[in-house]
Amino acid sequence: MSILIMGTGYVGITTAIMFAELGIPSTGFDSNAGKIAMLNQGHLPIYEPGMEPILAKHLASGTLRFVQDEEEAIREHQTVFLCVGTPSNSDGSANLHAIKQASEWIGKYMQAETLVVIKSTVPVGVNEKVSEWISRKQTSPIPFDVVMNPEFLREGSALEDALAPDRIVVGSDNMEAAWRLLSLYAAIECPKIITTPKAAVMIKYASNAFLATKISFVNELSGLCDRLGIDIEEVSHGMGLDPRIGTKFLRAGIGYGGSCFPKDVDALLHTAAASRQRLTIIENAAKVNRIQPLQALDKWELKMPSTFSGKTVAVLGIAFKPITDDLREAPSLVILSELLAKQAKIRVHDPLAVLPAHFRSLGIMQYDSIEEALQGADAVILCTEWPEYRQADWQAMKPLLNGNFVFDGRNALDKQSLTTLGYEYYGISRH
Ligand SMILES: NC(=O)C1=CN([C@@H]2O[C@H](COP(=O)(O)OP(=O)(O)OC[C@H]3O[C@@H](n4cnc5c(N)ncnc54)[C@H](O)[C@@H]3O)[C@@H](O)[C@H]2O)C=CC1
Ligand SMILES: O=C(O)[C@H]1O[C@H](OP(=O)(O)OP(=O)(O)OC[C@H]2O[C@@H](n3ccc(=O)[nH]c3=O)[C@H](O)[C@@H]2O)[C@H](O)[C@@H](O)[C@@H]1O
């Protein structure tokens, strides 16, 4: 029997394709009709390498389809995954508008007993709200279950992560509903946990907050290492060899971004404040992340003979990480704003991400090639570690520049070879 995925953004489209890959017919619905039209034409509204041909394959076989009408979508299905967005409100809490709207539609249109699965990242207690929103819209009492099933995929490797997850977490007080959900994942081999809805939610928030804290830990430490003349890369490497610490998420840089770490950390802090329980480590992880790009820029400015004012700066990479066109909460945007405040002239390159109109209107130009972006630049700032930048011919590009400063916000370039070529290279505590 087909399952319904509500919300076809990064998580929804990946979930729909994942189930199609597992041989389970899936239907995607999104309130954004433009996305559904695109998907029906075989085009992804997101950038995920290798995913479009798989989408086309399942569209052609009929294992996957997309519909524009919520009533039709809900009437035909008894298993519904909520994959809608949960952005931040201005106070840091999770905005549940889309979750509420989708729940009310389920209540209004469901025809038979339904399993509602919440894959979106939502705070503790939202399963109860969803039950309430569904019930209130029902005209006759059709039974349903609400089960939490947080998602752990990463953008850029979304389908691989979904098909080979580290774990599947199911939060439910009803074992039968939990097993019904787990039966859909039967073909995936990984640890599968059934826990309470509250614990399932906390596993998701705690995982993101821990990873964010790990990054802020190494970023804060990089400040001390810099003062002491220690290369943070050597420290991360040495620390990471201890399997209790691990090498992952120990890369120093200009900070974490993306649609989830900042938002989920804020939402967890909001939950903590509402529960009158401070989370000082996580509060400070967020604080370190806010100042990290600004501190890096200030340090780099001191390396130059004069300030950034009036200087031409080439910014390489604006996406929040490589292999995505996503700019949400990207640290590059902080760097761009600060460079504007410092009255620099800015030239940008990114292989995929498009500079927001707001920055264009302020005079920042985006170029299609690295060479064009570097033309006449006094300094280069790398914000995203796209492989293109490491592989670029820095020797051939040198005559294009007016200055020789390379500031590497991701410690991605080869310091030794750039220095040999006559560049003045500074990264995040590279010594
Ligand atoms: N992006 C990621 O890598 C991950 C995201 N998550 C979580 O998953 C959730 C979704 O995230 P993304 O897919 O990134 O969001 P997104 O913004 O890419 O997609 C959300 C989609 O929901 C649609 N939508 C809004 N209201 C709707 C409604 N009432 N009915 C149907 N569709 C509706 C929007 O039009 C949009 O296409 C969030 O809670 C996020 O925190 C969890 C793990 C990874
Ligand atoms: O909840 C979510 O949405 C997802 O958030 C992250 O995935 P994602 O945002 O796609 O990106 P990551 O690869 O985790 O990177 C996040 C940010 O941390 C930065 N980062 C990462 C690792 C590191 O060592 N240093 C570092 O600065 C990256 O540059 C990037 O800006 C998590 O890794 C996923 O498990 C989770 O499902």
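Heavy atoms only: backbone and side chains are in, while hydrogens, waters and symmetry mates are out. Along the sequence shown, residues are numbered consecutively beginning with 1.
- Between Glu132 and Arg136 there is a salt bridge, with a side-chain nitrogen of the basic residue lying less than 4.0 Å from a carboxylate oxygen of the acidic one.
- The distance from the OG atom of Ser259 to the CG atom of Asp326 is 5.5 Å, given to the nearest 0.5 Å.
- In summary, Glu385 and Arg251 engage in a salt bridge, as defined by a charged side-chain N under 4.0 Å from a carboxylate O.
- With values rounded to the nearest 0.5 angstrom, Lys321 atom NZ is found 11.5 Å from Thr384 atom OG1.
- When each of Ile46, Asp30, Ile5 is paired with Ile13, the side chain to side chain contact (heavy atoms under 4.5 Å, CB included) condition holds for Ile46 and for no other.
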### Message
Could you walk me through whether Glu155 and Arg328 satisfy the salt bridge (charged side-chain N to carboxylate O under 4.0 Å, His left out) test, starting with their C-alpha distance in whole Å, then the side-chain angles of each, then the deciding distance to 0.1 Å, before giving a yes or no?
### Response
CA-CA 12 Å; Glu155 292 179 19; Arg328 289 179 284 183; 3.7 Å; yes

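- Each of Val126, Ile99, Val11, Asn149 was checked for a side chain to side chain contact (heavy atoms under 4.5 Å, CB included) with Ser120, and the lone residue meeting it is Ile99.
- Closest non-hydrogen pair, Leu413 versus Arg430, comes out as O-NH1, 3.8 Å.
- The CD1 atom of Ile3 sits 4.0 Å away from the OG atom of Ser26 when rounded to the nearest 0.5 Å.
- Atom CD1 of Ile281 is surrounded by 12 or fewer heavy atoms from other residues, nucleotides or ligands within 6.0 Å.
- Between Asp298 and Lys342, at least one side-chain N (NZ, or NE/NH1/NH2) sits under 4.0 Å from a carboxylate O, which counts as a salt bridge.
- More than 12 non-hydrogen atoms from other residues, nucleotides or ligands lie less than 6.0 angstrom from NZ of Lys214.
- Atom CZ of Arg410 and atom CD1 of Ile428 lie 8.5 Å apart (nearest 0.5 Å).
- At most 12 non-hydrogen atoms from other residues, nucleotides or ligands lie less than 6.0 angstrom from CZ of Arg154.
- A donor atom on one side chain and an acceptor atom on the other are found under 3.5 Å apart for Ser2 and Thr27.
- The backbone N or O of Ser31 lies less than 3.5 Å from no partner atom in the side chain of Lys35, so there is not a single donor-acceptor pair.
- Between the side chains of Glu372 and Ser369, a donor-acceptor pair is found at a separation under 3.5 Å.
- Around the CD atom of Glu189, the shell of radius 6.0 Å holds no more than 12 heavy atoms that belong to other residues, nucleotides or ligands.
- To the nearest 0.5 Å, atoms CG (Asp264) and CG (Leu211) are separated by 11.0 Å.
- Surrounding CZ of Phe359 are more than 12 heavy atoms belonging to other residues, nucleotides or ligands, all under 6.0 Å away.
- At least one donor-acceptor pair under 3.5 Å links the side chain of Ser183 to the backbone N or O of Arg180.
- Interatomic distance, Thr14 OG1 to Tyr10 OH, rounded to the nearest 0.5 Å: 9.5 Å.
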### Task
Report the C-alpha distance between Ser429 and Asp231 in whole Å, list the side-chain angles of each, state the deciding distance to 0.1 Å, and finish with yes or no for side chain to side chain contact (heavy atoms under 4.5 Å, CB included).
CA-CA 6 Å; Ser429 189; Asp231 194 319; 6.0 Å; no

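- In the model, Asn174 has no side-chain atom that pairs as donor or acceptor with a side-chain atom of Ser172 under 3.5 Å.
- A salt bridge does not link Lys108 to Glu104: none of the charged side-chain nitrogens sits closer than 4.0 Å to a carboxylate oxygen.
- The 12-atom threshold is not exceeded at CG of Asp368, counting heavy atoms of other residues, nucleotides or ligands nearer than 6.0 Å.
- Salt bridge status for Asp226 with Lys299: present, with a side-chain N to carboxylate O gap under 4.0 Å.
- Using a 4.0 Å cut-off between charged nitrogen and carboxylate oxygen, Glu329 and Lys263 do not count as a salt-bridge pair.
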### Task
Please assess Leu327 against Val354 for the test side chain to side chain contact (heavy atoms under 4.5 Å, CB included), listing each intermediate value before the final yes or no.
CA-CA 8 Å; Leu327 282 171; Val354 178; 5.8 Å; no

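- In the displayed structure, Glu220 atom CD is contacted under 6.0 Å by at most 12 heavy atoms of other residues, nucleotides or ligands.
- Checking side-chain atoms of Trp300 against main-chain N and O of Ile381 turns up no donor-acceptor pair under 3.5 Å.
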### Task
Would you check, one step at a time, whether the test side chain to side chain contact (heavy atoms under 4.5 Å, CB included) holds for Ile193 with Ile168?
CA-CA 6 Å; Ile193 300 170; Ile168 291 171; over 6 Å; no

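- A salt bridge links Lys57 with Glu21: the distance from a Lys NZ or Arg NE/NH1/NH2 to an Asp or Glu carboxylate oxygen falls below 4.0 Å.
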### Query
Going through the checks in order, is the salt bridge (charged side-chain N to carboxylate O under 4.0 Å, His left out) test met by Arg278 and Glu283?
CA-CA 8 Å; Arg278 287 195 71 172; Glu283 273 173 28; 2.5 Å; yes

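- His77 meets the ring pair (Phe, Tyr, Trp, His ring centres under 6.0 Å) test with no other residue; sequence neighbours excluded.
- For Ile323, the side chain to side chain contact (heavy atoms under 4.5 Å, CB included) test picks out Tyr47, Pro49, with sequence neighbours left out.
- Listed for the Thr196 side chain is a donor-acceptor partner under 3.5 Å among the backbone atoms of Ala199.
- Checked by atom type, the side-chain pair Asp408/Tyr425 shows a donor-acceptor distance below 3.5 Å.
- Between the Thr324 side chain and the Phe320 main chain, no donor and acceptor come within less than 3.5 Å of each other.
- Under the 6.0 Å distance and 45° angle rule, Arg347 counts as a cation-pi partner of Tyr367.
- Under the 4.0 Å criterion applied to side-chain N and carboxylate O atoms, Arg75 and Glu70 are not assigned as salt-bridge partners.
- Of all non-hydrogen atoms in Ala285 and Thr213, the two that sit nearest each other are CB-OG1, 3.7 Å.
- Counting heavy atoms from C-beta on, the side chains of Val406 and Leu382 never come closer than 4.5 Å.
- Here the side chain of Asp350 pairs a donor or acceptor atom with the backbone of Ile318 at under 3.5 angstrom.
- Of the possible polar contacts, one joining the Lys204 side chain to the Glu151 backbone as a donor-acceptor pair under 3.5 Å is found.
- Of the possible donor and acceptor atoms, one in the side chain of Gln366 sits under 3.5 Å from a partner among the backbone N and O of Leu355.
- Residues Met18 and Ile188 meet the side-chain proximity criterion, which asks for heavy atoms closer than 4.5 Å.
- In this structure, the ring of Phe81 has its center less than 6.0 angstrom from the ring center of Phe19.
- Test Thr114, Leu184, Leu4 against Thr79 for side chain to side chain contact (heavy atoms under 4.5 Å, CB included) and you get one pass: Leu184.
- A 6.0 Å sphere centred on NZ of Lys198 holds no more than 12 heavy atoms belonging to other residues, nucleotides or ligands.
- Residues Gly317 and Cys383 come closest through the heavy atom pair O-CB, 3.1 Å.
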### Message
Would Ile346 and Met365 count as a side chain to side chain contact (heavy atoms under 4.5 Å, CB included) here? Give the steps.
### Response
CA-CA 7 Å; Ile346 310 165; Met365 297 286 289; over 6 Å; no

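- Note that Arg167 lies in the cation-pi zone of Phe152, set by a 6.0 Å cut-off to the ring centre and a 45° limit from the axis.
- In terms of modelled atom types and a separation under 3.5 Å, the side chain of Asn89 and the main chain of Gly92 share no donor-acceptor contact.
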